[in-house]
Participant: 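Just dropping this structure here.
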Amino acid sequence: MYRYSLVLIKPDAIRRKLCGEIISTYEKAGLDLCSIKIIQMDRDIAEGFYHVHKGKEFFQRLINFMVSAPTIAMVLGGNDAIKKIREINGLTDPKEATETTIRGKWALDVTRNSVHASDSPESAESEIAYFFPAFEILKYEGA
Ligand code: IDP
Ligand code: MG
């Protein structure tokens, strides 16, 4: 089924100028780039985005990292895109991620792990609305 996912290129990857490589990885996997922008998150935006992790041991470290440099927010679309993108990204901790995945190749540690992707159709819907409130479904048929 054609799905949309909210993907972030996190500050560690922006700082190391890996955006081209990362976007290219998604394009080579056949995903459609449906929306994109670069933003500087403040603490309120970062905490709102990661509200499900509030209270966890790593939360403040995560928020400090997310406000430390700009982030690219994208909507990617494709067949089975939510699952596919999480496979392309690899496991949260780069020590456990397969070396062919984005995190396996480029993540620095479990906090500075280069990318985010939605984990379900429900979270994709709320995460897309969080950064792209006016997101319009784009059709790539025949492109
Ligand atoms: P995910 O990004 O693979 O979905 P989540 O468990 O949803 O992983 O965690 C969100 C983000 O919080 C991670 O991508 C990572 O940046 C950070 N994080 C998760 N677990 C830890 C941890 O144990 N230590 C430090 N940071 C963590
Ligand atoms: Mg997650």
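Both ligands and their constituent atoms are indexed starting at 1 by order of listing.
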Participant: Holding to salt bridge (Lys or Arg N to Asp or Glu O under 4.0 Å), I want the full list of residues that pass it with Lys83, two or more places apart in sequence or in another chain.
Facilitator: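 Expected list: Glu87.
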Participant: Where is the tightest heavy-atom contact between Leu6 and Met74, given as atom of each residue plus distance?
Facilitator: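 Looks like CD2-O, 3.3 Å.
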Participant: Aromatic contact between Tyr130 and Phe132, with the criterion being ring centroids under 6.0 Å apart: yes or no?
Facilitator: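 Between Phe132 and Tyr130, which both carry aromatic rings, the centre distance is not below 6.0 Å.
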Participant: Ile45 and side-chain contact (heavy atoms from CB on, under 4.5 Å): which single residue from Glu47, Met41, Arg43 fits?
Facilitator: Met41
Participant: Would you kindly say whether Ser120 and Ser123 are connected by a side-chain donor-acceptor distance under 3.5 Å?
Facilitator: yes
Participant: Please tabulate, one line per pair, the protein nitrogen or oxygen atoms found under 3.5 angstrom from a nitrogen or oxygen of ligand 1, with distances to 0.1 Å, or say none if there are no such pairs.
Facilitator:
from	atom 1	to	atom 2	distance (Å)
ligand 1	2 (O)	Arg103	NH2	3.0
ligand 1	3 (O)	Thr92	OG1	2.5
ligand 1	3 (O)	Arg103	NH1	3.1
ligand 1	4 (O)	Arg86	NH1	3.2
ligand 1	4 (O)	Arg86	NH2	3.2
ligand 1	7 (O)	His53	NE2	3.0
ligand 1	8 (O)	Thr92	OG1	3.3
ligand 1	9 (O)	His53	NE2	3.4
ligand 1	14 (O)	Lys10	NZ	2.9
ligand 1	14 (O)	Asn113	ND2	2.9
ligand 1	16 (O)	Lys10	NZ	3.1
ligand 1	16 (O)	Val110	O	3.4
ligand 1	16 (O)	Thr111	O	3.0
ligand 1	16 (O)	Asn113	OD1	3.4
ligand 1	26 (N)	Thr111	OG1	3.4

Participant: In plain terms, say whether Arg112 and Asp109 are close enough for a salt bridge, that is, a side-chain N and a carboxylate O under 4.0 Å apart.
Facilitator: yes
